[in-house]
Undergrad: 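Sending over a structure as structure tokens; questions will come in a sec.
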Amino acid sequence: MSTQTHESSPVSGPGTPVLDGPPRAASLGGAWRRFLLRRGVGLVINLALLVIVTFLIVQLIPGDPATAIAGESATLAQVELVRTQLGLDQPFFVQFGTYLLGVLQLDFGTSFRYRVPALEVVMAAVPFTLAITVAAVILLLVLGLALGMAVGVATRGDRRRWLGGTFNVVTGVISSVPVYVQATAFVVIFAVLLRVLPPAYSPAYGFGIAAILPIASLTVGGMCSVARIVRRETAVILEQDYMRTARGWRLPALSLYARHMLPNLLTTALTLSGIILTALLGSALITEAVFAWPGLGGVIVQAIAIDKDYPIIRAAVFVIGLISLVITLVIDVILGLIDPRTLGEKRG
Amino acid sequence: MADTVNAVRTAAASPAGPRSFRWNAGLILGLGMLAVVALVAIFAPIVLGGQASGLGGTPNLGSTPEHPLGTDTLGRDMLARTLVATRATVLMAAIATALSSITGIAIGIAIWLAPRRIRELGLRAIEFAVSYPTMLVAIIVAAILGQGVVQVVVAIAIANVAGFARLTANLAAKIATSEYVTTARLMGVPASRVAARHVLPNMAEPTLILIAGAFSGALVEISGLSFIGLGAQTPAFDWGTLLNDGLNKIVVNPIVIVGPAVALTFTSLAALLVGDGLAAAANPRSNSTQARLVRDKAAPTIERGDAVLVADGITVAHGASGATLVSDVSFTIGRGEVLGIVGESGSGKSLTASVVAKLLGEGLSASARRLELDGVDLLGPVPPRELASKIGLIYQDPGTSLNPAMVLGRQLSEVLTLRLRHSRRASRELLLSKFRQVMLSDPEGRLRQYPHQLSGGMKQRAMIASAMSTDPVLLIADEPTTALDVTVQREVLTVLGRMNEESGTAVLFISHDLGVVRALCDRVLVMKDGKIVERIDDMAGLSAESVSHPYTKQLLAATPVVTLPTAAPTARTEGES
């Protein structure tokens, strides 16, 4: 699929008519260059915005942020300590300059609670969250695609109504159960009743064993949602003119579904996967609480609800935002490889 | 989602009739469930309010006849508490959804209508916002505003705005680049009108589905925030806080989580059923039977002779309704002959062609007394390889009949490598020679291109090249020039005529345009309402006097004469589209 990126043709791309010489077919090289340049610039702008947003988390607290953070029972001295620690006694732009300089050196300040650089606390939690989230996304995409495609093909043109109906009911019910409710149910079933898996993370268990339930609870609902969407999309794609063309060529079923249908499905599935992944990061933040999983969720909820540990909140928000940005970019690059129409400027 | 639009157009063009809204079981069930939730939300606090917050009962009860879902740590009935919490939970989710959908759609449309620079900027901003997990945005808002009911609603509303804006902008962009909107814009229709007439109606369906999904999402997220202690604070309670209370007692008294867990799932499922039901209702797939092609028991009325194609008594009926769409159509095509079928849309001409091609659409059943192609009986099972090599197909709209996700070389040569077992290299060479024959500029370069990089005329010529690459005995061209502009039409017709002359392939040419047919065909059948009403054998002497049926006379009167020069001036080149 990557052959079009190193095109030798000097033609700059579709939409640019060639003025001299015999007309030549345009290559995609130009489209890729423009796409990467645009997205590179976008990434830098997004990073800048991320810095501003994390900076403003403290500034936007209604009333006096220092008083709010220190808590109602804090002494005046404690409030002033918070004020100097967060630099809130400085003029606004000095505060921002200091914050920006710090971020550029990967310094988000010292955690109020742990007395160590906030980023260290956050980075210690990142692998835990990424491990279960990435595993869940890959699993739910692969399984969801396979299931949705299989059912979509099997029920094409209203064949096997019973299968379509059963699929709809089962996946519908499962995907409506909130992830944290599912996680709780899994704990009850597998840890409390069957006693086959640990109920929560603990160094005493192997990492793999402890990760099964969190990954499963993050995967199952999403897989059902993906399968439902893929099945619907399969039905739509099967009715497209180009599928009729492929049938007109009498192509074997494998080529028909794997080569002609799948890439068009992937466009939808990958567009979705970006949304699912960010949603899943969110679900993970809550689900981790059920399993006492030492990931970003526990860190950020503790920092907000209990410690009011704003350096940690800033660092965690920055890191989660960065992860989302990188993943969105990677997904768009993969989308471009599969379906170069998405490289166009008109797409969001 | 542009595919959804295509599906709608397909549905509108299908024999099932015009697009219509159809109630279905899922939608009715979902609405019913939502109605139950709404009634509970209205009446439960009035009726059960006291029981839900009154103290003094036995704490931590399991399931008893009096308290089927047990009691909490303060002895309050969990069933009553769950039902009473419905109002707070559902109201929060509904308000958050309303706020985010209205704001998001407005932003999305504003961005799409804005000048290019602002639009780009806006899309970047949305992308930035969307890249934040909903939960993280909510947590940021909670970190800034503190915990509570209003904060959570605002948080979830803000978090979901970007999703609506992105969907709206993306849908608008996709629909805006679709061919019919491009056409409208090129015709000078103002942008606001394009938005109102073309873009918004086509967005209604996915947007409604998104709203249903967003409601269910808001419900789950708000309850999730309450679950981790960032939402409703005591003494206020919603399903999330009830679930959290229950979680602490999960080992001792697991029954208490049943109420909020089931309530959450029930309501979320209702919203999902409504969303799906709406999708199905707006986009009904009426086909209920598989396509069937059977042999008519009656004796054939046409002898085989030396014709390439013998079609005797083709009849097509709609499987579900039994309505006859084509009745008793018979014809033959000789070697090297070009037979035209003309008729208005719905006259059954394309259906006739699909029977001959053995590509009958779902939900239709067809029969014939005899259907033979080059000595092969098409009414029985035919090996796909035989069909692939004997029949070449060209379709109406080259814009949609090529796979957008595959380069031309790959998709056009697949039939050669997979069905005719040519080597990859031989297939490529063969396709290249056909590309040259149809006068495609830079044939090698075209192989590496995607369909969207070619103009309509070039795509259709590539289709012709592919159809001819198997060296078929019959080429079926179903309205091959209808989607093209007049000059391109001429080129395509000339290429078709030349292919017919050079390779001697017989052609079945379907068109609604007698002028086009007249320029190319040796003989013509005129179809109306599924029947052949006129057979014209003498094309040279065709005039209002030589035809008998009034419909043919009408067609003839409405068609200017088109003649094709014998020396084809197709060498003119074309820019990229």
Undergrad: Are any side-chain N or O atoms of A:R250 and backbone N or O atoms of A:G248, one a donor and one an acceptor, separated by less than 3.5 Å?
TA: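 Checking the backbone N and O of A:G248 against the side chain of A:R250, a donor-acceptor pair under 3.5 Å is found.
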Undergrad: If you count heavy-atom pairs under 4.5 Å with chain B, which of A:G282, A:P252, A:A185, A:A284 comes out on top?
TA: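 Max contact count across the listed options: A:P252.
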Undergrad: Which answer fits A:I300, side chain, backbone, both or neither, if we ask what part of it has an atom under 4.5 Å from a heavy atom of chain B?
TA: side chain
Undergrad: Return yes if some donor-acceptor pair links the side-chain N/O of B:T417 with the main-chain N/O of B:E414 below 3.5 Å, else return no.
TA: yes
Undergrad: Select one option (side chain, backbone, both, neither) describing which atoms of B:L447 are under 4.5 Å from chain A's heavy atoms.
TA: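 Neither part.
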Undergrad: With distance as the sole test, does A:S176 use its side chain to make a donor-acceptor pair with the main-chain N or O of A:G172 at under 3.5 Å?
TA: yes
Undergrad: Between A:L60 and chain B, with a heavy-atom cut-off of 4.5 Å, which part of the residue counts as in contact: side chain, backbone, both or neither?
TA: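 Answer is both: backbone and side chain atoms of A:L60 are under 4.5 Å from chain B.
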Undergrad: Can you tell me which portion of B:L393 sits under 4.5 Å from chain A's heavy atoms? Options are side chain, backbone, both or neither.
TA: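 The side chain, not the backbone.
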Undergrad: Let's test your reading of the structure: which of B:P443, B:S216, B:A357, B:A261 forms the most heavy-atom pairs below 4.5 Å with chain A?
TA: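 Looking at each of B:P443, B:S216, B:A357, B:A261 in turn, B:A357 comes out on top.
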Undergrad: Would you mind telling me which of B:A270, B:A143, B:G246, B:P260 has the largest number of heavy-atom pairs within less than 4.5 Å of chain A?
TA: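 Answer, by heavy-atom pair count under 4.5 Å with chain A: B:A143.
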Undergrad: Could you give me the CA-CA distance, side-chain angles and deciding distance for A:T155 and A:R160, then say whether side chain to side chain donor-acceptor pair (under 3.5 Å) is met?
TA: CA-CA 5 Å; A:T155 57; A:R160 300 188 184 86; over 6 Å; no
Undergrad: Assess the residue pair B:S441 and B:R446 against the criterion (side chain to side chain donor-acceptor pair (under 3.5 Å)); give the C-alpha distance rounded to whole Å, side-chain angles, the decisive distance to 0.1 Å, and a yes or no.
TA: CA-CA 8 Å; B:S441 54; B:R446 301 291 167 214; 2.9 Å; yes
Undergrad: Between A:T54 and A:R314, is there a donor-acceptor pair closer than 3.5 Å when you use the side chain of the first and the backbone of the second?
TA: no
Undergrad: Set out, in order, the CA-CA distance, both residues' side-chain angles and the distance that settles side chain to side chain contact (heavy atoms under 4.5 Å, CB included) for B:N403 and B:R410, then state yes or no.
TA: CA-CA 10 Å; B:N403 195 324; B:R410 184 77 177 274; over 6 Å; no
Undergrad: If you count heavy-atom pairs under 4.5 Å with chain A, which of B:L243, B:I228, B:T265 comes out on top?
TA: B:T265
Undergrad: Which bit of A:R259 is near chain B, if near means a heavy-atom gap under 4.5 Å: side chain, backbone, both or neither?
TA: both
Undergrad: Mind checking whether B:Q396 and A:D241 have side chains closer than 4.5 Å, heavy atoms only?
TA: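 SC-SC contact between B:Q396 and A:D241 ruled out.
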Undergrad: Just do the side chain to side chain donor-acceptor pair (under 3.5 Å) check on B:T400 and A:Q240 with the steps written out, would you?
TA: CA-CA 7 Å; B:T400 58; A:Q240 297 293 299; over 6 Å; no
Undergrad: What part of B:L418 is in contact with chain A, defined as an atom under 4.5 angstrom from a non-hydrogen atom: side chain, backbone, both or neither?
TA: side chain
Undergrad: Which region of A:V169, side chain (C-beta onward) or backbone (N, CA, C, O), has a non-hydrogen atom less than 4.5 Å from a non-hydrogen atom of chain B, or is it both or neither?
TA: neither
Undergrad: For B:S223, which atoms come within 4.5 Å of any heavy atom of chain A: side chain, backbone, both, or neither?
TA: both
Undergrad: For A:V301, is it the side chain, the backbone, both or neither that has a heavy atom under 4.5 Å from a heavy atom of chain B?
TA: side chain
Undergrad: If I measure from the heavy atoms of chain A, does B:L29 come under 4.5 Å with its side chain, its backbone, both, or neither?
TA: neither
